[in-house]
**Q** 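Structure in structure tokens, see below.
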Amino acid sequence: MPYKKTTTKKPMKKAPLRKLKKGEKEERIRPNVELLRGMKDILPVEQKYWQYVEDRVKGLVTSYRFNKIDTPILENAKLFTMTAGKLTDVVEKEMYSFVDRGEETVSLRPEATASIARAYISHGMHNLPQPVKLWYWGPMFRYDRPQAGRYRQHHQCGFEIIGKDKPVVDAELVIASFALCSSLGLEVEIQINSIGTLECCRENYKEELVSYYRARRSAICETCKARLTKNPLRLLDCKEEQCQAIKAEAPQIVDYLCNDCRDHFMKVLEYLDEIDVPYTLNPRLVRGLDYYTRTVFEIYVKNNDLSTGGKKAQSAIGGGGRYDLLIEKLGGRPTPAAGFAIGIERAIARIKDANIQVEDNSRVNIFLACLGEYAKRKSLGLFEDLRREGFRVATNFSKEKLRSQLELADKLKVKFTLILGQKEVLDETIIVRDMETGVQEVVDYKKVIPDLRKKLGMVE
């Protein structure tokens with residue numbers, strides 16, 4: 001009886017471990033230990049999105065000549081309290097810190113820039129040709145309120161240029177962030193600002209900002225009241241509705257920039273204008289970490305409303321800026337630097353929302369089906385030969401019936417299935433079945449690999 005091709009049904013959101021009988025409900029089994037709140041398993045069905053992003057990141061770093069660096073997930077807690085700022089939300093509320101067995105206070109990294117600055121000093125990278133261009137990819141940890149696109153363990157890819165203070169470096173990073181998002185298929189807008197430097201212009205601005213908010217203290221939220229004395233720049237980052245009108249009329253830091261900071265910022269914008277990178281000047285934009293100086297920017301996806309149970313998801317997928325004082329603060333030589341990072345989970349959420357078609361690189365094009373014990377032993381060697389020759393091949397040696405193996409091949413959407421049975425083993429042949437047309441042909445066993453290469457258009 002000829003095998004009849006079946007239509008593959010759409011997969012269930014959560015597929016059962018076995019095929020359900022008619023009228024039978026799927027059984028849900030809970031483990032004895034539940035997944036921690038704010039953490040997430042990245043299941044096989046999701047991996048194609050992660051691979052899609054990673055492939056485009058690797059393409060970017062090749063073009064822009066960044067070199068990869070991996071820093072430890074666990075660092076001395078002092079590294080982050082010194083650099084992020086003791087009064088920032090990250091340090092006060094969000095860090096995973098504990099005392100280890102050596103009675104040292106350590107933290108899971110909430111971000112990677114401080115770790116990279118530490119590594120730059122530790123390994124004497126100031127002796128390398130400057131600037132040093134580094135990139136990273138990995139998990140970060142923040143004890144934050146879980147929501148769409150924000151997890152307590154989340155992943156970032158980031159890019160740092162260390163050793164040059166020129167405006168063109170800032171522009172290069174903004175351009176690179178735009179290029180990366182474009183390669184992902186995302187339409188983005190860059191929001192950009194300058195927050196000046198501590199020693200020349202920011203302190204004067206802080207005084208004006210605090211004076212402005214104190215005059216309106218009764219109308220602002222409790223968080224902003226606390227920030228008046230603790231971290232005034234974060235007043236501009238408030239999301240509470242009652243503070244929005246007050247924030248809109250607040251003094252703008254660009255009006256308080258010194259000549260050097262103003263000139264630096266104008267040159268950055270001129271570079272961006274030269275190649276038509278879309279950006280918006282946002283005088284209220286500040287970053288949540290204390291080490292930033294001069295240029296800061298954030299990356300927003302256009303039309304970013306997601307279906308999140310009636311709540312709007314975080315719209316910024318990344319950001320960065322200049323941090324010229326960070327390395328010196330950690331004990332290194334005065335060293336200018338700038339960088340940016342992209343949140344991987346947020347980027348993937350926007351990719352899905354935009355219905356961007358992502359190819360599954362794990363898809364196979366050959367399925368090997370075997371019948372009988374002798375054919376199974378022969379197939380083990382053939383499977384390894386095909387894999388070594390570069391074919392994306394799949395099989396299931398535990399299935400005995402040909403129909404069930406062909407159904408699996410059909411589900412995997414392979415182009416060809418190789419069928420090896422007792423007769424084929426004795427004749428030293430193999431059946432090559434075109435899964436689209438159902439046409440089968442008998443091929444000499446020794447010629448099956450070149451025959452498949454020809455059929456698939458693979459270069460010898």
Side-chain angles (χ1 to χ4, degrees), residues 61 64-67 69 82-85 111-136 158-179 190-205 233 253-254 256-275 277 279 281-282 285-299 318-341:
V61 301
Y64 282 83
R65 309 304 299 169
F66 285 90
N67 295 306
I69 183 170
M82 285 179 60
T83 58
E111 56 95 26
T113 300
S115 295
I116 289 175
R118 191 264 314 143
Y120 180 90
I121 300 168
S122 299
H123 301 286
M125 293 187 192
H126 61 274
N127 295 313
L128 300 174
Q130 304 293 298
V132 175
K133 301 175 73 173
L134 304 170
W135 77 280
Y136 61 87
F159 309 82
E160 316 288 348
I161 301 180
I162 305 174
K164 291 293 182 181
D165 63 353
K166 303 298 183 184
V168 70
V169 170
D170 307 35
E172 180 181 354
L173 288 164
V174 174
I175 294 165
S177 71
F178 181 76
I190 309 296
Q191 293 192 10
I192 192 167
N193 192 24
S194 176
I195 58 173
T197 58
L198 288 170
E199 65 273 12
C200 65
C201 41
R202 198 186 300 171
E203 288 305 314
N204 291 335
Y205 173 68
L233 279 184
I253 193 169
V254 290
Y256 293 82
L257 296 179
C258 65
N259 290 334
D260 286 345
C261 288
R262 184 178 294 106
D263 290 345
H264 182 101
F265 190 46
M266 292 306 298
K267 287 179 181 177
V268 173
L269 300 182
E270 287 170 3
Y271 285 123
L272 299 182
D273 289 336
E274 184 66 26
I275 62 167
V277 170
Y279 66 85
L281 291 173
N282 182 352
L285 176 62
V286 293
R287 300 288 289 155
L289 304 174
D290 283 0
Y291 55 63
Y292 283 108
T293 57
R294 290 189 168 176
T295 307
V296 291
F297 64 96
E298 290 184 344
I299 307 154
R322 180 162 284 283
Y323 50 95
D324 290 341
L325 306 178
L326 178 58
I327 291 174
E328 183 179 3
K329 190 171 186 177
L330 288 174
R333 297 178 180 180
T335 307
F340 78 92

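Heads up: numbering here begins at 1 and tracks the sequence.
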**Q** Over all heavy atoms of both residues, which pair between Ser194 and Ile253 is shortest? Give the atoms and the distance, please.
**A**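 That closest heavy-atom pairing would be O-CG2, 3.1 Å.
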
**Q** Kindly give the heavy-atom pair with the smallest separation between Leu134 and Ile69, and that separation in Å.
**A**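 Between these two residues, the closest heavy atoms are CB-CG2, 3.9 Å.
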
**Q** Distance from Thr295 atom OG1 to His264 atom NE2, nearest 0.5 Å?
**A**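 One gets 4.0 Å once the value is rounded to the nearest 0.5 Å.
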
**Q** Would you say the side chain of Ile192 lies within less than 4.5 Å of the side chain of Leu269, judging by non-hydrogen atoms?
**A**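 Counting from C-beta outward, Leu269 and Ile192 do come under 4.5 Å.
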
**Q** What pairs with Asp165 under salt bridge (charged side-chain N to carboxylate O under 4.0 Å, His left out), at least two apart in sequence or on another chain?
**A**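 So Asp165 forms no salt bridge (charged side-chain N to carboxylate O under 4.0 Å, His left out) with any residue.
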
**Q** Is the Phe159 ring parallel, tilted or perpendicular to the Trp135 ring (thresholds 30°, 60°)?
**A**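 Geometry flag for Trp135 against Phe159: parallel rings.
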
**Q** State which residues pass salt bridge (charged side-chain N to carboxylate O under 4.0 Å, His left out) with Lys164; sequence neighbours excluded, sorted by chain then number.
**A**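 Lys164: no salt bridge (charged side-chain N to carboxylate O under 4.0 Å, His left out) contacts found.
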
**Q** Would a 4.5 Å heavy-atom cut-off, applied to side chains only, mark Tyr323 and Ile162 as touching?
**A**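 Yes, at least one pair of side-chain atoms sits under 4.5 Å.
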
**Q** With a 4.5 Å heavy-atom cut-off, do Ile327 and His126 have their side chains touching?
**A**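 No - every pair of side-chain heavy atoms lies 4.5 Å or more apart.
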
**Q** For residues Tyr205 and Tyr256, report the shortest heavy-atom separation together with the two atoms involved.
**A**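 Shortest heavy-atom contact: CD1-CD1, 3.5 Å.
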
**Q** For a quick test of reading the model, state the closest non-hydrogen atom pair linking Gln130 to Val132 and the distance between them.
**A**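 Heavy atoms of Gln130 and Val132 come nearest at NE2-CG2, 3.6 Å.
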
**Q** To the nearest 0.5 angstrom, please state how far the CZ atom of Arg262 sits from the CG atom of Asn259.
**A**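 The CZ atom of Arg262 sits 6.0 Å away from the CG atom of Asn259.
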
**Q** With heavy-atom distances below 4.5 Å as the criterion, would you say the side chains of Lys267 and Asp170 are in contact?
**A**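 Lys267 does not reach Asp170 side chain to side chain.
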
**Q** Tell me, please, which residues at least two apart from Glu270 pass salt bridge (charged side-chain N to carboxylate O under 4.0 Å, His left out).
**A**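 In terms of salt bridge (charged side-chain N to carboxylate O under 4.0 Å, His left out), with neighbours along the sequence ignored, Glu270 is linked to no residue.
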
**Q** Restricting to non-hydrogen atoms, name the atom on Phe297 and the atom on Gly321 that form the minimum distance, rounded to 0.1 Å.
**A**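 Taking Phe297 first and Gly321 second, the nearest heavy atoms are CE2-N, 3.9 Å.
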
**Q** Which atom pair, heavy atoms only, marks the closest approach of Pro131 to Ile161?
**A**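 Heavy atoms of Pro131 and Ile161 come nearest at CB-CG2, 3.6 Å.
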
